[in-house]
J.: 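Handing you a structure now.
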There are 2 protein chains.
Amino acid sequence: MATIKDVARRANVSVTTVSATINGTAPVSDALKARVWAAIREVGYQPDPIARNLRKGVSTTIGLIVPDISIPWAAHLAKSMQRAFSEIGYNMLFASSEDDPEREFSEIEVFSAHRVAGLVVVPTSRGENYSARLVETIHVPTVLVDRVLPQRHFDSVTDDNLLGAQMIVRYLHKLGHRDIAFMAGRAGISSSDERLAGFRRTMDETGVAIREELVRQPVYLRDHAYATVQQLMTMRDPPTAIVCINIAQLLGTMAGLGNLGLSAPDDVSVISFDGFHPAEGWSPAITSLKQDIATTSTRAAELLMARIREENQPEPQIIRVPPSLQIRSSCRAVA
Amino acid sequence: MATIKDVARRANVSVTTVSATINGTAPVSDALKARVWAAIREVGYQPDPIARNLRKGVSTTIGLIVPDISIPWAAHLAKSMQRAFSEIGYNMLFASSEDDPEREFSEIEVFSAHRVAGLVVVPTSRGENYSARLVETIHVPTVLVDRVLPQRHFDSVTDDNLLGAQMIVRYLHKLGHRDIAFMAGRAGISSSDERLAGFRRTMDETGVAIREELVRQPVYLRDHAYATVQQLMTMRDPPTAIVCINIAQLLGTMAGLGNLGLSAPDDVSVISFDGFHPAEGWSPAITSLKQDIATTSTRAAELLMARIREENQPEPQIIRVPPSLQIRSSCRAVA
DNA sequence: CCTGTTTGACGAAACGTTTCGCGTCGCTAT
DNA sequence: ATAGCGACGCGAAACGTTTCGTCAAACAGG
């Protein structure tokens, strides 16, 4: 592997000059610049990122931490992120927190030790003093994705959950649904809280009283939903529509309905916040919100790069990306 | 950030001694060892991985390159891999080749520059002299996953595709199917080639003549399958069963059937090599092979670590992980 | 013509480790 | 006794960069 010294020798200049030409950090005469570039090409020199990192104290790597990469949403995020960053010459360290705050913090520290230039985190948002602990652990430019924290310490990009809830409720309302079940996730997770709040608000707006016995919380694992939906559907006066908050819930709900011999949309309408897209060919095709992951990734990358380059607006920003409603066949009109 | 010098000062020993105690590379008396460890704890010292990498010429990071992380299979692989490696103190750089050999090679070079300790690659397996080029580009311990190359230059872990094909064909045969359509992928991709070969071989074994007009190749995009399945089903004498080789094909097939107003298993049986698991609650639930991704990851990690630690068997090894057949409801018996 | 400033180039220090080679001490075998 | 050897500890070099401070030359203004 050719080193900068080889280049210097070859171009008959000092190491300093080679570094200066490459990085443009100091003025170099055109004549020497040419000699240096030629020499670089001739010896096939590539700067050693490790040495560079050591000296500069910061790398050209960004770290991505998600709860679970095997969730399609997270996988798409990782893909878009990686594309966005590789285009500007950054590469990506990756880790799963497995929704465990301890793992999450430990990964953050590992990444920090590796001197990542920035961090993209889908925070677990759990545990005592989570937010404070995060602020105290992170000393790198960071952008939070999907879940936002009550305190705005970090730039964040998330879905516009209030808008999404509004779309869902209005759509169901238009179809004549009044008895709507809502399965909320863990309280304290912003995406769940916001979706529930949006549900309540839009129900109010449409003038329909919420039947509180149809609002269940917390339901965040597949099996919770599996059980909950069966409770809901065996009530004296079951809901005519069920709102699912994420994929796990949706899968549990469908399985639970199946177990009761029920199906959507004939026996009950099902709609979901998180998209699920084998779509055509399977029934039922689930009517759901489609999150704009590409935009989310791009915005997050932009925010992060601005911080890294310090061109930034000092105030942490929250960007909300609007979803779109994909109407398929899991909801039907009722009298 | 505390440095090794701080520890040395605190413990009143030389830097060399501190390094020796930490790494066990040279004998240190118990008394000093104790002093050093105490000092480490007191100043909260953590070795700087960057500096270590620079000096040792190799990092504690491994690189993962997959064609597309948003494919569930790849996402699961990434998850298992990351878990396996983080347990032994390695972290993971990640990149998508987007099935483009140029990107793939470029990522390999970037990772090499970062001095990864090893590489896990799902090779694109495309382009001229692919195998030779790979050998020439890679100078790090490497294990190939999913797709194997004709020349055994690298350790590889892959599904036992011949066995899988055998399971599928025997199952269909038992249900009475004789007119079986097979959509192969790109020729030259080992997984596709092996599956096709296994199909042919087992058909021979069962004594059923293959209707060559039902074997289509190449069909590797969703839209190919969408078109192909409609051709197949509008033939004078359509197949009674269709074998799909991967998810993209399966999705296209289901959509294509839907477009013709047909459905599985009533009009035709559908079976797939790659598992697809929303499963319960949706119809049809696809009968498919389940790949043992956990085992695949573990084996790959083991192979790679053996190479890295040089405990290894000099000969590159190919490990084949057997799949299992998950019988659901997309296939039915025929007369 | 002198002073002050800018431009261009360089040597050497620094980043935080690991490792090479050397020196000292105490022990054992001659 | 003393040569030889192992165990232990240390200083300094090395890894490949970037950057600081210095310096010579060229150039501007008075």
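Chain letters run A, B, ... following the sequence lines, proteins first, then strands; residues in each count from 1.
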J.: Scan residues 112-121 of chain A for pairs that pass side-chain hydrogen bond (donor to acceptor under 3.5 Å, both in side chains), counting only residues two or more places apart or in two chains.
T.: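 Every side-chain hydrogen bond (donor to acceptor under 3.5 Å, both in side chains) pair that includes a residue of residues 112-121 of chain A, provided the two are not neighbours, is A:His114-B:Asn91, A:Arg115-B:Asp48.
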
J.: Could you tell me which residues satisfy ring-ring contact (aromatic ring centres under 6.0 Å, His included) with B:Phe105, sequence neighbours excluded, listed by chain and number?
T.: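 Counting only residues at least two positions away or on another chain, B:Phe105 forms a ring-ring contact (aromatic ring centres under 6.0 Å, His included) with B:Tyr130.
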
J.: So where does chain B start and stop touching DNA chain D, 5' to 3', when the test is distance under 4.0 Å to a non-hydrogen atom?
T.: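 That gives a stretch of D:dC8 to D:dG16.
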
J.: Just by distance, no angles: are the side chains of B:Asp159 and B:Gln291 close enough, under 3.5 Å, to form a donor-acceptor pair?
T.: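 Yes, a side-chain donor-acceptor pair sits under 3.5 Å.
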
J.: Can you list the residues that meet the side chain to side chain donor-acceptor pair (under 3.5 Å) rule with B:Ser106, with sequence neighbours excluded?
T.: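 By the side chain to side chain donor-acceptor pair (under 3.5 Å) rule, B:Ser106 matches no residue at all.
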
J.: Just to verify, what does B:Ser14 make a side chain to side chain donor-acceptor pair (under 3.5 Å) with, not counting sequence neighbours?
T.: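 Expected list: B:Thr17.
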
J.: Is it true that A:Thr296 and A:Asp292 share a donor-acceptor pair across their side chains at a distance under 3.5 Å?
T.: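 A:Asp292 vs A:Thr296: no donor-acceptor pair found between side chains.
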
J.: Whether the side chain of A:Asn23 engages the backbone of A:Ser19 through a donor-acceptor N/O pair (distance < 3.5 Å, no angle test) should be reported.
T.: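 Confirmed, A:Asn23 side chain pairs with A:Ser19 backbone.
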
J.: Hey, can you pull the residues of residues 36-58 of chain B with a non-hydrogen atom under 4.0 angstrom from DNA chain D?
T.: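 Listed by number, they are B:Leu54, B:Arg55.
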
J.: Taking DNA chain C as the partner, which of residues 3-28 of chain A come within under 4.0 angstrom of it by heavy atom?
T.: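 Within residues 3-28 of chain A, the residues near DNA chain C are A:Val13, A:Ser14, A:Thr16, A:Thr17, A:Pro27, A:Val28.
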
J.: State which residues pass ring-ring contact (aromatic ring centres under 6.0 Å, His included) with A:Tyr90; sequence neighbours excluded, sorted by chain then number.
T.: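 Once residues adjacent in sequence are excluded, A:Tyr90 has no partner under the ring-ring contact (aromatic ring centres under 6.0 Å, His included) criterion.
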
J.: Taking salt bridge (charged side-chain N to carboxylate O under 4.0 Å, His left out) as the definition, give me every residue that meets it alongside A:Arg299, ordered by chain and number, with sequence neighbours left out.
T.: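 A:Glu302.
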
J.: Could you work out, with side chain to side chain donor-acceptor pair (under 3.5 Å) as the rule, every residue matching A:Arg320, not counting sequence neighbours?
T.: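 If we apply the side chain to side chain donor-acceptor pair (under 3.5 Å) test to A:Arg320, skipping adjacent residues, the hits are A:Glu194.
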
J.: What's the angle between the local helix axes at either end of the helix from C:dC1-D:dG30 to C:dT30-D:dA1, using five pairs per end and rounding to 10 degrees?
T.: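 Here the helix ends are tilted 50° relative to one another.
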
J.: Would you please name every residue forming a side chain to side chain donor-acceptor pair (under 3.5 Å) with B:Arg186, sequence neighbours left out?
T.: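 Side chain to side chain donor-acceptor pair (under 3.5 Å) list for B:Arg186, sorted by chain: B:Tyr220.
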
